[in-house]
Participant: 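I have a structure I would like to understand better, so I am pasting it below and will then ask my questions one at a time.
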Amino acid sequence: MIEIQRLKENRAEVLEGLKKRGINSEQDVDKILMFDQQWREAKTKLQETSANLNTISKEVGKLFSTGERDKAEGLKLQSIELKREEAVQKSRVEELQNELSSAIMSLPNIPRPEVPSGKDANDNELVFESGSSPTSESVPKAHWDLAKEYQLIDFELGVKVTGAGFPFYRGKGAKLQRALISFFLEEASQAGYEEFSSPLMVNEESGVGTGQLPDKEGMMYHVGGDDLYLIPTAEVPLTNMYRNTLLPNDDFSIRITGHTPCFRREAGSYGKDVRGLNRLHQFEKVEIVRIEKPENVESALNEMIDHVKSLLEKLGLQYRILKLCAGDTGFAASITYDFEVYSAGQDKWLEVSSVSRFDTFQSNRLKLRYKDQNNKSKLCHTLNGSALALPRIVAALLENNQTPKGIKIPEALVPYTGFEMIN
RNA sequence: GGAGAAUUGGCAGAGUGGUCGAUUGCGGUAGUCUUGAAAACUAUUGUACCGAGAGGUACCGGGGGUUCGAAUCCCUCAUUCUCCGCCA
């Protein structure tokens with residue numbers, strides 16, 4: 001949620017920023033400013049009425065205790081009238097408040113100045129590339145064929161038991177999953193992130209806090225009977241631990257990590273994008289989250305990017321980093337870097353991580369603040385990134401490391417798998 | 001799942017219809033004393049919002065209600081504890 005103060009003071013800059021996303025919000029912004037103005041006026045008026053009412057009520061109490069019943073009864077009538085007035089004003093204030101907050105909630109975050117403008121994935125900017133594609137005499141196979149050949153993943157079984165996008169991993173496939181999770185968590189711990197194991201369902205407030213709700217495109221699974229949501233990413237529980245929190249000083253740098261399954265409805269996906277492991281309804285991911293004061297955000301973001309880089313390098317994967325253009329940047333983010341690995345069997349780049357900063361967009365919704373040097377409360381900044389999401393890493397490992405003798409496990413992973421080859 | 005009890009400021013814990021945003025203790029902060037520290041003493045110490053300011057409004061687990069007036073009465077939901085039942 002954009003800070004209202006920012007809208008008021010820098011209307012032009014905000015509009016300019018949102019324009020980069022390809023949306024013209026002039027009318028929305030002006031509506032918000034108008035609602036805000038009206039809300040303030042209504043609120044001030046209401047408070048005056050309440051103050052009057054409080055004064056009279058106290059007076060009535062005093063009169064009763066001194067036995068002046070007649071006077072008290074008179075005042076009582078007066079206050080009944082005022083109370084009616086107060087009720088009207090109160091509902092007006094609430095109405096305006098709702099209008100205001102739903103209008104402001106519907107605005108996405110403002111892209112940072114360094115974010116390129118553009119509409120979709122075609123306008124993303126390549127900022128880094130590393131490694132080279134594996135050379136092989138034969139045509140590399142796609143991971144869904146390899147998974148079948150080595151009995152690592154059973155997609156049909158998943159369809160039978162649950163539905164498309166819910167595969168079973170078996171044997172060395174399952175062990176590889178477990179190894180990757182341990183490897184990623186261990187690396188995150190080494191980098192100073194505290195490990196958490198979190199709930200996999202969250203309540204509505206948490207969904208709103210990190211920006212998944214009000215629901216955009218049916219991203220989350222909703223458990224109707226208990227009104228809970230299955231998490232689409234560990235970002236939601238990990239960040240919401242700090243909802244409604246006031247950190248006592250400005251001496252903090254909060255780093256947390258956690259592994260969770262992630263559940264995504266992925267409504268509207270189709271075709272070759274969803275083949276094999278490319279897009280699943282349930283997948284495993286290790287997430288890193290940081291909560292920082294504004295001065296430290298820049299360096300925190302760089303550290304996170306370096307962390308993800310090091311993971312990919314240790315796994316020996318060819319990868320590239322894209323700075324997303326404004327139009328392709330998520331609703332809540334102010335800048336996002338996507339990491340993609342090259343997958344030889346499909347001759348395709350697969351997104352395996354997104355590292356984003358949110359500035360105060362999430363913390364404003366979360367009411368996550370800290371006390372600065374002058375003892376003033378200020379909004380924290382939040383960041384998060386995948387480190388990493390498993391399925392496409394598995395896809396790339398299978399496709400890139402295939403040999404006539406089997407699939408070679410990267411050296412860094414062997415201590416976690418306990419085997420060097422899948423064959 | 002059933003029965004009972006509870007939920008008050010950073011913590012402990014008073015307060016059962018009016019002057020209570022809330023007694024008190026601990027803790028925190030500042031000061032006095034001290035070479036310094038401790039102790040003692042004194043003062044101060046919640047959050048958010050509206051207002052140019054003076055000041056005001058809201059908040060005693062959440063929501064709703066009764067009343068001129070609610071921490072206090074009623075309804076409802078949540079959570080915690082105790083007992084019973086069931087169970088990985």
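We name chains A, B, ... by the order of the sequence lines, and we start the count at 1 in each one. Here the structure is a predicted model, which means the values were calculated and not measured.
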Participant: What integer number of Å spans the C1' atoms of C60(B) and G51(B)?
Facilitator: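 Approximately 27 Å lies between the C1' atom of C60(B) and that of G51(B).
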Participant: Using the P atom on both, measure C74(B) against G17(B) and round to a whole Å.
Facilitator: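 After rounding to an integer number of Å, I get 12 Å for this pair.
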Participant: In whole Å, measure the gap between the P atoms of C33(B) and U45(B) for me.
Facilitator: 23 Å
Participant: What is the distance, to the nearest angstrom, from the CD atom on Q5(A) to the C1' atom on C50(B)?
Facilitator: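 Result: 13 Å.
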Participant: Are the charged groups of R92(A) and E95(A) less than 4.0 angstrom apart, N to O?
Facilitator: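 Salt bridge between R92(A) and E95(A), a charged N being under 4.0 Å from a carboxylate O: yes.
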Participant: Should the pair E149(A)-K141(A) be classified as a salt bridge under the 4.0 Å nitrogen-to-oxygen rule?
Facilitator: yes
Participant: Rounded to the nearest Å, what distance is computed from the CG atom of residue L53(A) to the C1' atom of nucleotide G69(B)?
Facilitator: 8 Å
Participant: In terms of the nearest nucleotide of RNA chain B, which residue is placed more toward the 5' end: S79(A) or K62(A)?
Facilitator: K62(A)
Participant: From NZ of K90(A) over to P of G63(B), roughly how many Å is that when rounded to an integer?
Facilitator: 12 Å
Participant: I want to verify a distance call: between C50(B), A48(B), G56(B), whose nearest atom is closest to the A51(A) side chain?
Facilitator: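 Nearest to the side chain of A51(A) among the choices is G56(B).
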Participant: Among E195(A), E287(A), E303(A), E194(A), which residue satisfies the salt bridge (Lys or Arg N to Asp or Glu O under 4.0 Å) criterion with R255(A)?
Facilitator: E303(A)
Participant: Could you state the atom-to-atom distance from CG of D36(A) to P of C49(B) in whole Å?
Facilitator: 12 Å
Participant: If you assign F64(A) and E48(A) each to the RNA chain B nucleotide with the nearest heavy atom, which residue ends up on the more 5' nucleotide?
Facilitator: F64(A)
Participant: If I take atom CG in residue L46(A) and atom P in nucleotide A58(B), what distance separates them, rounded to the nearest angstrom?
Facilitator: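 That distance rounds to 9 Å.
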Participant: Starting from P on G62(B), measure out to CG on D227(A) and report it in whole angstrom.
Facilitator: 20 Å
Participant: Between Y229(A) and Y221(A), is the ring centroid distance below 6.0 Å?
Facilitator: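 Between Y229(A) and Y221(A), the centre distance exceeds or equals 6.0 Å.
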Participant: For Y370(A) and U47(B), what is the distance between atoms OH and P respectively, to the nearest whole Å?
Facilitator: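 Going from OH in Y370(A) over to P in U47(B) covers 16 Å.
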Participant: Using the C1' atom on both, measure G10(B) against U16(B) and round to a whole Å.
Facilitator: 27 Å
Participant: A22(B) and A71(B): how far apart are their C1' atoms, nearest whole angstrom?
Facilitator: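 The answer is 8 Å between these two C1' atoms.
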Participant: What do you reckon, are the aromatic ring centroids of F361(A) and F331(A) less than 6.0 Å apart?
Facilitator: yes
Participant: Just the rounded figure in Å: distance from P of C50(B) to NZ of K45(A).
Facilitator: 17 Å
Participant: Is K45(A) paired with E48(A) through a side-chain N to carboxylate O contact shorter than 4.0 Å?
Facilitator: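 The answer is no: the pair does not qualify as a salt bridge.
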Participant: Is there a side-chain contact between R369(A) and the phosphate of A48(B), meaning an N or O under 4.0 Å from OP1 or OP2?
Facilitator: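 Answer is yes, contact under 4.0 Å.
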Participant: For I80(A), report the nucleic acid contact type (base, sugar-phosphate, nothing); a contact means any heavy atom under 4.0 Å.
Facilitator: sugar-phosphate
Participant: According to a 3.5 Å limit on both distances, what stems of 3 or more consecutive Watson-Crick or G-U pairs are formed with RNA chain B?
Facilitator: B:1-7 with B:78-84, B:10-12 with B:24-26, B:27-32 with B:40-45, B:46-50 with B:55-59, B:61-65 with B:73-77
Participant: Check this one for me: any side-chain N or O of K43(A) less than 4.0 Å away from OP1 or OP2 of A58(B)?
Facilitator: no
Participant: With rounding to the closest Å, how many angstrom separate the C1' atoms on G46(B) and A40(B)?
Facilitator: 28 Å
Participant: Charged N to carboxylate O under 4.0 angstrom, R40(A) versus D36(A)?
Facilitator: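 Answer for the salt bridge query: yes.
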Participant: Is the shortest side-chain N/O distance from T44(A) to OP1 or OP2 of U57(B) below 4.0 Å?
Facilitator: no
Participant: Verify the contact: side-chain N or O of N54(A) to OP1 or OP2 of G69(B), cut-off strictly under 4.0 Å; return yes or no.
Facilitator: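 Indeed not, no polar side-chain atom of N54(A) lies that close.
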Participant: Out of G56(B), U47(B), C68(B), which has the shortest distance to the side chain of Q47(A)?
Facilitator: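 When the side chain of Q47(A) is considered, G56(B) is the closest of G56(B), U47(B), C68(B).
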Participant: When all nucleic acid strands are considered with a 4.0 Å heavy-atom cut-off, which category describes R84(A): base, sugar-phosphate, or nothing?
Facilitator: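 No contact at all - R84(A) keeps every heavy atom at 4.0 Å or more from the nucleic acid.
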Participant: Are S253(A) and E292(A) close enough that a side-chain donor and a side-chain acceptor fall under 3.5 Å?
Facilitator: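 Per modelled atom types, S253(A) and E292(A) side chains form a pair under 3.5 Å.
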Participant: Taking the P atom in each of U19(B) and G56(B), what is the distance between them to the nearest angstrom?
Facilitator: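 Going atom to atom, P in each nucleotide, I get 15 Å.
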Participant: Under 4.0 angstrom, heavy atoms only, what part of the nucleic acid is K83(A) near: base, sugar-phosphate, or nothing?
Facilitator: base
Participant: Does K371(A) have a side-chain nitrogen or oxygen under 4.0 Å from the phosphate oxygens OP1 or OP2 of U29(B)?
Facilitator: no
Participant: Does this structure show an ion pair linking R279(A) with E266(A), if we count only N-O contacts that are shorter than 4.0 Å?
Facilitator: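 Here R279(A) pairs with E266(A) in a salt bridge, since their nearest N and O are under 4.0 Å apart.
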Participant: When we call it a touch if two heavy atoms are under 4.0 Å apart, what does S57(A) touch: a base, just sugar-phosphate, or nothing?
Facilitator: base
Participant: When you compare G18(B) with U29(B), how far apart are their P atoms, in angstrom units rounded to a whole number?
Facilitator: 38 Å
Participant: I want to verify a distance call: between C49(B), C68(B), U47(B), whose nearest atom is closest to the W39(A) side chain?
Facilitator: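 In terms of side-chain proximity for W39(A), the closest of C49(B), C68(B), U47(B) is C49(B).
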